[in-house]
Undergrad: 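Sharing a structure with you now.
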Protein chains: 2
Amino acid sequence: MTVTSSTMPTKERILGAAEELFARHGFEGASLRQLTAAAGVNLAAVNYHFGSKDRLIEEVFRRRLDQLNGRRLAALQKIAGDPDTTIEDVLGAFIVPALELSHDGNGSLFMRVLARAFAEHDDTLRKFLSENYGHVMRQFTAEFGRLLPRLSKEELYWRVDLVTGALTHAMSGFGMIQRKSDVPEHRHREQTAEHLIRFAAAGLKSP
Amino acid sequence: MTVTSSTMPTKERILGAAEELFARHGFEGASLRQLTAAAGVNLAAVNYHFGSKDRLIEEVFRRRLDQLNGRRLAALQKIAGDPDTTIEDVLGAFIVPALELSHDGNGSLFMRVLARAFAEHDDTLRKFLSENYGHVMRQFTAEFGRLLPRLSKEELYWRVDLVTGALTHAMSGFGMIQRKSDVPEHRHREQTAEHLIRFAAAGLKSP
DNA sequence: GGCGAAATCAAACGATCGTTTGAGGATACG
DNA sequence: CGTATCCTCAAACGATCGTTTGATTTCGCC
């Protein structure tokens with residue numbers, strides 16, 4: 001199951017095992033001893049390479065979020081402000097990069113880690129996420145606002161928040177997003193994106 | 001902040017403090033020593049009254065979910081099968097009882113506990129929830145299916161799942177559902193219910 | 001008032017937690 | 001070859017975890 005091969009450098013082996021165990025057992029539930037055992041490295045390696053468990057948690061987020069939000073913003077830049085752009089386009093820019101995560105390594109597990117971060121009301125973690133990646137949500141919200149001009153600011157925040165909840169829930173794999181064996185991976189991803197976009201667009205545009 | 005007064009019996013004081021600390025720090029993050037200290041009872045009282053920490057967690061769920069899902073099902077029975085019933089009515093039967101929870105005690109914190117349970121992929125806890133309360137979601141899904149007959153079973157499950165995600169996210173208070181000081185509590189609850197119902201209905205009915 | 005069950009208490013149990021230490025091995029460079 | 005730097009390792013640190021024990025107090029009831 002683990003994607004941490006013995007040929008990888010120690011740091012990445014730790015990050016891979018951490019992502020998997022944090023997704024499976026939570027940040028407090030996964031111990032450094034389980035984690036280093038799964039990664040096949042010495043217990044002290046975590047504190048040597050990352051300084052502490054908390055910094056390791058941050059690094060798990062940074063590695064994926066830099067890539068994920070980079071792609072999201074790149075996709076948004078291409079369409080933002082364009083008069084032909086639809087709500088569905090903006091939702092696609094937000095959703096598709098997240099679904100693509102499930103491609104490389106155990107990136108799909110990361111969405112579960114992200115869902116846990118939402119559930120944790122830990123201030124340190126929330127502050128870290130808000131400071132480093134809050135601007136992404138702000139840019140997407142601004143573009144939604146441009147496309148839904150008759151919504152009050154309050155209404156807009158409400159709906160974006162509900163969309164976030166639905167997508168986080170769905171993409172972290174609680175739902176029944178199970179690919180059937182006769183459907184190729186990329187086609188399944190397209191269908192998933194269509195489902196999510198159609199649902200979210202209807203909610204955003206609701207009268 | 002705690003609703004555990006010194007006049008309450010020990011068992012309920014523990015349950016109240018547990019609900020608050022589980023919401024704030026998670027099931028693994030909240031220790032029995034913090035918990036019993038907050039409740040003002042002896043450390044051994046948890047194991048005496050509940051047997052173990054895991055059984056205490058289950059009892060926290062049981063206490064609220066019996067009440068919450070009882071009201072949900074009662075509201076659903078009144079309208080299920082009726083030809084005049086709308087999607088909005090069914091959503092109201094699901095949502096309003098949850099919003100009413102925030103009235104008694106620290107019931108609002110329980111929605112955060114519930115959100116954590118979704119994030120935990122712990123098998124024991126999921127099995128407990130599924131066995132004891134799975135029939136509620138099944139009945140609501142059946143009624144949605146009756147009102148959306150042209151949806152395939154797969155489509156229906158998809159949308160109900162997305163609605164669940166949005167509502168769990170919103171009701172556990174991640175969002176900006178902050179009552180303004182000039183709005184009375186009951187009016188704020190009505191407005192919140194309207195927001196949630198309108199959004200979810202649009203998503204369910206999307207073409 | 002006295003007896004037995006129920007409840008509370010301080011204290012300790014072994015296990016596990018994140019972190020630190022200091023010695024030893026690997027590696028690159030003069 | 002020697003040495004300086006990066007890395008790994010087994011072992012131990014003190015703290016905290018859930019749970020158990022056995023004595024003590026509280027309470028209902030004859």
Side-chain angles (χ1 to χ4, degrees), chain A residues 2 4-63 113 116-117 120 122-125 128, chain B residues 2 4-63 113 116-117 120 122-125 128:
Chain A
T2 319
T4 47
S5 114
S6 56
T7 67
M8 289 183 182
T10 299
K11 241 179 139 170
E12 295 191 26
R13 289 217 265 157
I14 293 175
L15 283 171
E19 193 168 51
E20 180 164 340
L21 286 171
F22 288 156
R24 227 179 280 285
H25 304 112
F27 303 114
E28 309 227 34
S31 75
L32 293 186
R33 283 173 178 81
Q34 300 170 7
L35 202 152
T36 50
V41 304
N42 188 270
L43 167 62
V46 170
N47 285 276
Y48 177 79
H49 285 285
F50 297 95
S52 70
K53 184 180 183 179
D54 284 336
R55 300 255 301 278
L56 168 62
I57 294 175
E58 289 191 1
E59 213 55 43
V60 168
F61 280 102
R62 199 186 305 275
R63 181 175 69 145
V113 179
R116 276 189 188 274
E120 304 277 344
D122 178 271
D123 285 335
T124 319
L125 186 54
F128 167 81
Chain B
T2 319
T4 46
S5 115
S6 55
T7 67
M8 290 183 181
T10 300
K11 244 179 137 168
E12 295 191 27
R13 290 217 264 156
I14 293 175
L15 283 171
E19 194 168 51
E20 180 165 340
L21 287 172
F22 288 158
R24 226 179 279 288
H25 304 112
F27 303 115
E28 309 227 33
S31 76
L32 293 186
R33 283 171 177 81
Q34 301 169 6
L35 203 152
T36 50
V41 304
N42 188 272
L43 167 63
V46 169
N47 283 277
Y48 177 78
H49 286 285
F50 297 95
S52 70
K53 185 180 183 179
D54 283 337
R55 301 254 302 278
L56 168 62
I57 294 175
E58 289 190 2
E59 214 54 44
V60 168
F61 280 102
R62 200 185 304 275
R63 182 175 67 146
V113 179
R116 278 191 186 272
E120 304 275 346
D122 178 272
D123 285 336
T124 319
L125 186 55
F128 168 80

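In what follows, every chain begins at residue 1, and chains take the letters A, B, ... in the order their sequences are listed.
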Undergrad: What nucleic acid atoms does B/Ala44 come within less than 4.0 Å of, heavy atoms only: base, sugar-phosphate, or nothing?
TA: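 Base contact.
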Undergrad: Does D/dG18 have its OP1 or OP2 closer than 4.0 Å to a side-chain nitrogen or oxygen of B/Ser52?
TA: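 No, no such contact exists.
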Undergrad: Rounded to whole angstrom units, what separation is found between the CG atom of A/Leu56 and the P atom of C/dG18?
TA: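 It works out to 11 Å between those atoms.
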Undergrad: With the threshold set at 4.0 Å, does a side-chain nitrogen-carboxylate oxygen contact exist between A/Arg55 and A/Glu58?
TA: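 Judged by the 4.0 Å cut-off on N to carboxylate O distance, A/Arg55 and A/Glu58 do not form a salt bridge.
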Undergrad: Counting C-beta onward and ignoring hydrogens, is there a side-chain heavy-atom pair between B/Phe61 and B/Leu125 closer than 4.5 Å?
TA: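 With C-beta onward as the side chain, the pair touches.
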Undergrad: If every non-hydrogen atom of A/Glu19 is compared with every non-hydrogen atom of A/Arg63, which pair is closest and at what distance?
TA: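 Result for this residue pair: OE1-NH2, 3.4 Å.
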Undergrad: Using atom CG of A/Leu35 as one end and atom C1' of C/dC17 as the other, report the distance to the nearest whole Å.
TA: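 Those two atoms, CG and C1', are 13 Å apart.
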Undergrad: Nearest-Å distance, CG (A/Asn42) to P (C/dT20)?
TA: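 Spelled out: CG on A/Asn42 to P on C/dT20 is 15 Å.
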Undergrad: Below the 4.0 Å mark, does D/dT16 have OP1 or OP2 next to a side-chain nitrogen or oxygen of B/Ser31?
TA: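 No, no such contact exists.
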Undergrad: Under 4.0 Å between a Lys/Arg side-chain N and an Asp/Glu carboxylate O for A/Lys11 and A/Glu59?
TA: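 So A/Lys11 does not pair with A/Glu59 through a salt bridge.
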Undergrad: Under 4.0 Å between a side-chain N or O of B/Thr10 and OP1 or OP2 of C/dA7?
TA: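 Answer is no, no contact under 4.0 Å.
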Undergrad: Measure the distance from CG on B/Leu32 to C1' on D/dT19 and round it to the nearest whole Å.
TA: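 Taking atom C1' of D/dT19 as the reference, CG of B/Leu32 is at 9 Å.
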Undergrad: Which atom names give the shortest non-hydrogen contact between A/Leu21 and A/Leu35, and what distance separates them?
TA: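 Here A/Leu21 and A/Leu35 meet closest at CD1-CA, 3.4 Å.
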Undergrad: Measure the distance from OH on B/Tyr48 to P on D/dT21 and round it to the nearest whole Å.
TA: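 Rounding to the nearest Å, OH of B/Tyr48 and P of D/dT21 are 15 Å apart.
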Undergrad: Rounded to whole Å, please give me the gap between NZ in B/Lys53 and P in D/dC17.
TA: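 So the NZ-P distance, B/Lys53 to D/dC17, works out to 8 Å.
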Undergrad: Check the distance between C/dA10's C1' and B/Leu43's CG and give it to me in whole angstrom.
TA: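 Nearest whole value for this atom pair: 10 Å.
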Undergrad: Output yes when at least one side-chain N/O atom of B/His49 is less than 4.0 Å from OP1 or OP2 of C/dT8, else no.
TA: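 For B/His49, the contact criterion (side-chain N or O under 4.0 Å from OP1 or OP2 of C/dT8) is met.
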Undergrad: With nearest nucleotide decided by heavy atoms, which residue, A/Arg33 or A/Gly40, maps closer to the 5′ end of DNA chain D?
TA: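 Between the two, 5'-proximity favours A/Gly40.
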Undergrad: Can you measure A/Phe50 atom CZ to D/dC7 atom P for me and round it to whole angstrom units?
TA: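 Rounded to the whole Å, the gap is 12 Å.
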